Visitor: 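My structure is below; once you've seen it, I'll send some questions.
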Amino acid sequence: MKGSRTKERVVWTVISIFVLVYALFPVASILATSFKEPSDLTSGKFLPTNWSGVNYEEILVGDAQGLFLSSLWNSIGIALIATFIAVVLATLCAYAIARLDFPGKKLILTTALAVSIFPVISIVTPLFNLWRTIGLYDTWPGLIIPYLSLTLPISIWTLAAFFRQIPWELEQAAQVDGATTWQAFRKAIVPLAAPGVFTTAIIAFFIAWNDFVYGISLTSTEAARPVPAALAFFTGASQFEAPVGAISAAAIIVTIPIVLLVLLFQRQIVSGLTQGAVKG
Amino acid sequence: MASITLKNLVKQYGDGYPAVNNVSIDIADGEFIILVGPSGCGKSTLLRMIVGLEDITSGDLLINGERVNEKAPRDRNLAMVFQNYALYPHLTVFENIAFPLRLGKGKHTEDEIKRLVTDAARTLELTDHLERKPGNLSGGQRQRVAMGRAIVRHADAFLFDEPLSNLDAKLRGQMRSEISQMQRRLGVTSVYVTHDQTEAMTLGDRVAVLKKGVLQQIASPRELYEQPVNLFVAGFIGSPSMNFLPATLEGGVLKTAIGNIGISVDKATAAEGKRVVLVGVRPEYFEDASMVDDAKRPHGSTFTAELTHTEWLGNEQYGYINFDPDPEVRSLLDSLARDMDADELRPQIVVTLDAASRIRGGRPAELWLDTRRLHLFDPETGENLTRDAEAGAALTEEANTARAEEIANARGREGANA
Ligand SMILES: Nc1ncnc2c1ncn2[C@@H]1O[C@H](COP(=O)(O)OP(=O)(O)OP(=O)(O)O)[C@@H](O)[C@H]1O
Ligand SMILES: [Mg+2]
């Protein structure tokens, strides 16, 4: 019994280490590259010969500053707004799906799924033409709207699944305990629903934050271009130098908000909070 | 403190199925009412209608004489323990119990809340767990937290939906007497749903038996036991349950599969005109013939039967007799069993024998049956043909008097302590 326990633990440790290395090696490689000097890029070594901040300097205060900082601002703004709208709409929608019985409930879920499996690349050309005609090309709303089509379906699905697990009897228990309808919702349901909403928000934010295809196709200037698209416009110090260092530095910087978000909301994402509410 | 009146209550769910059908009950102030019935008979639905969580399709619900059909749950001031606890998982045990108190903003000071919650926790033996979350508690502890939340505030009535179903036998017994004493002490009107025979018989002033949403009978436990109105109530109340023996009535003698049983004239006249009747006999109406007092013997009839086996339980023993019913009667017994939630009603008679009896299975044995107490049922309608309504009412009246005395005593003690 005890022997099999330790054996199990060893197996799990090995698997975890393998997955960690597999997932983090590229990140480590990019991190190392971002500290390399341009001449060092082709050295073939993993670690930089000289740790230098020249790439960060370039994108934050140097030549690429305009390109990078404006795109960073665009990315943050657009992703946040898209996330906010998606989460609000999806919460309302998922609430209705989880709580009410109405005709067309299945249809909504299937449609959401259908929208999300539609390949992005097939929509982007018609959208490009349409946006140019109606003046949404190269604007924030011009990106927020297609991002909603990416984030809404998954938000609706995750939240609907989450809401279905909430013991809604608690609302009734609270009403019997003397709460008004609104109090019952706020004191018994919201604390349980919040983790699901936060988790969904983070997923939605990732999707908007990471998009490249819409970002590069529907923008043309710094007015709305997000970071992933901007990276493609980086040029080296000279025509013959690859901008690999600067791109790596930018990639590291755009990873930071994501890491921060996860750390910040870690406590809210804890699952299993509804455990113990009802029997069974 | 409140009286609750149910007038022809009907609940139809969306699919048109009447989960509660025309139920009328008058619950007096301070009375303890038990609702029993097989699973799915509408007990929870009825409770939820009283508390205001389920719309009333038709009929009237009155609390203290005032119609409350349209009132929100919070305006009815009733406390309920849910069948599945319904605890707030994000709050500690303390906060769970304090929840109803905190909702009445400004009504209680922080000190008062603390005192009330610790008092309730002490009653329920939850003191050590006040800072824990419900998710980390055992089923029994959760159930007690749910109880705590109900008793902590001064509600007009308590509604319990199988509050003890998840406890082990020992704790259940302990909680049962706790509830009983608390109810007497506080004198709070209570409605209590249960599956448990012991709870039904010991806790309530009156027990209401439901079947498929229809109220069968409401009476004191003793009246239900001794004067049931129909087959269903007779079979549902009591454990082991009443034996039903098909019989034909010929000149004051019941011809049954286990022999002829002579019955009194008034019982025979009550069943006049029926070709076949079902004889309802509780196991304890039987006895080993050799152990019956001579004084008692003439009140019953003696017969010989072969027991398949006996079970010795220390204080008494059970014996089993198999019999062969007609196919017609058999289907009746089967449908009766279905009504009562059992798989089949085996054509078997259970008899209770004295623990000292030497009767063993496999040999013919002399048994005595107390014929004064048996009942005859109409196999078609299930109606009890020999029910003595007056005797039944007297039993319930007796229970009421005893009850009033107990409450007075409990209050007197309370007064003396204070
Ligand atoms: N929301 C609902 N919609 C439709 N039918 C329902 C609903 N809730 C309950 N019912 C039906 O109403 C009937 C009574 O249910 P109820 O929960 O009151 O039974 P119960 O007596 O409490 O049973 P148990 O002892 O198993 O708790 C059942 O037949 C059930 O199928
Ligand atoms: Mg129930």
Side-chain angles (χ1 to χ4, degrees), chain A residues 91 95-106 159 161-200 265-280, chain B residues 14 44 47-48 50-54 71-93 95-105 107 132-143 145-146 149-150 152-155 158-159 161-162 165-166:
Chain A
T91 305
Y95 181 84
I97 286 171
R99 298 271 341 245
L100 310 175
D101 244 332
F102 56 92
K105 197 157 125 175
K106 269 241 168 71
L159 275 178
F162 190 86
F163 282 177
R164 257 185 273 221
Q165 289 179 355
I166 289 185
W168 294 98
E169 302 97 307
L170 292 186
E171 211 175 26
Q172 304 184 333
Q175 282 178 18
V176 174
D177 282 343
T180 58
T181 318
W182 168 242
Q183 274 179 324
F185 184 71
R186 191 167 53 86
K187 299 199 167 185
I189 299 299
V190 169
L192 301 182
V197 175
F198 273 114
T199 314
T200 312
F265 291 118
Q266 202 175 22
R267 288 184 50 118
Q268 269 75 24
I269 308 177
V270 284
S271 57
L273 202 66
T274 57
Q275 197 200 0
V278 295
K279 181 154 65 191
Chain B
S44 299
L47 215 55
R48 293 165 55 82
I50 297 176
V51 84
L53 293 173
E54 214 72 76
K71 272 199 182 176
R74 65 187 296 257
D75 298 322
R76 302 191 187 187
N77 194 27
L78 308 172
M80 174 155 169
V81 178
F82 286 79
Q83 188 165 7
N84 57 7
Y85 325 135
L87 301 179
Y88 310 114
H90 57 290
L91 300 177
T92 61
V93 170
E95 288 302 325
N96 259 286
I97 300 179
F99 192 86
L101 301 176
R102 292 210 193 283
L103 282 172
K105 270 216 182 67
K107 246 193 249 158
R132 300 172 73 192
K133 294 272 175 73
N136 302 328
L137 300 180
S138 73
Q141 290 167 336
R142 286 182 206 172
Q143 212 146 31
V145 177
R149 201 175 55 190
V152 76
R153 85 192 146 107
H154 291 289
F158 290 154
L159 308 173
D161 198 346
E162 307 198 22
S165 56
N166 264 42

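Numbered from 1 within each chain, the chains take letters A, B, ... in sequence-line order. Quick caveat, the model's predicted, so the values are computed rather than measured.
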Visitor: B:R76 versus chain A, heavy atoms under 4.5 Å apart: side chain, backbone, both or neither?
Guide: neither
Visitor: Between A:T180 and chain B, which part of the residue has a heavy atom less than 4.5 Å away: side chain, backbone, both or neither?
Guide: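 It is both, since atoms from each part get that close.
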Visitor: Would you say the side chain of A:D177 lies within less than 4.5 Å of the side chain of B:P73, judging by non-hydrogen atoms?
Guide: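 No, too far: nothing below the 4.5 Å cut-off.
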Visitor: Would you compute the distance between atom CD of A:E171 and atom CG of B:L53 and round it to the nearest 0.5 angstrom?
Guide: 10.5 Å
Visitor: So for A:A184, is it side chain, backbone, both, or neither that comes closer than 4.5 Å to the heavy atoms of chain B?
Guide: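 Interface part for A:A184: neither.
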Visitor: If you compare all heavy atoms of B:R149 against all heavy atoms of A:A173, which two are closest, and at what distance to 0.1 Å?
Guide: NH2-CB, 3.9 Å
Visitor: For A:Q183, is it the side chain, the backbone, both, or neither that has a heavy atom closer than 4.5 Å to a heavy atom of chain B?
Guide: side chain
Visitor: If I take atom CD from residue A:Q175 and atom CE from residue B:M80, how far apart are they, to the nearest 0.5 angstrom?
Guide: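 Answer rounded to 0.5 Å: 12.5 Å.
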Visitor: Whether the side chain of B:Y88 engages the backbone of A:I189 through a donor-acceptor N/O pair (distance < 3.5 Å, no angle test) should be reported.
Guide: no
Visitor: If you draw a 6.0 Å radius around NZ in B:K107, do more than 12 non-hydrogen atoms from other residues or ligands fall strictly inside?
Guide: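 12 or below, so no.
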Visitor: Counting only N and O atoms by type, is there a donor-acceptor contact under 3.5 Å from the side chain of B:H90 to the main-chain atoms of A:K187?
Guide: yes
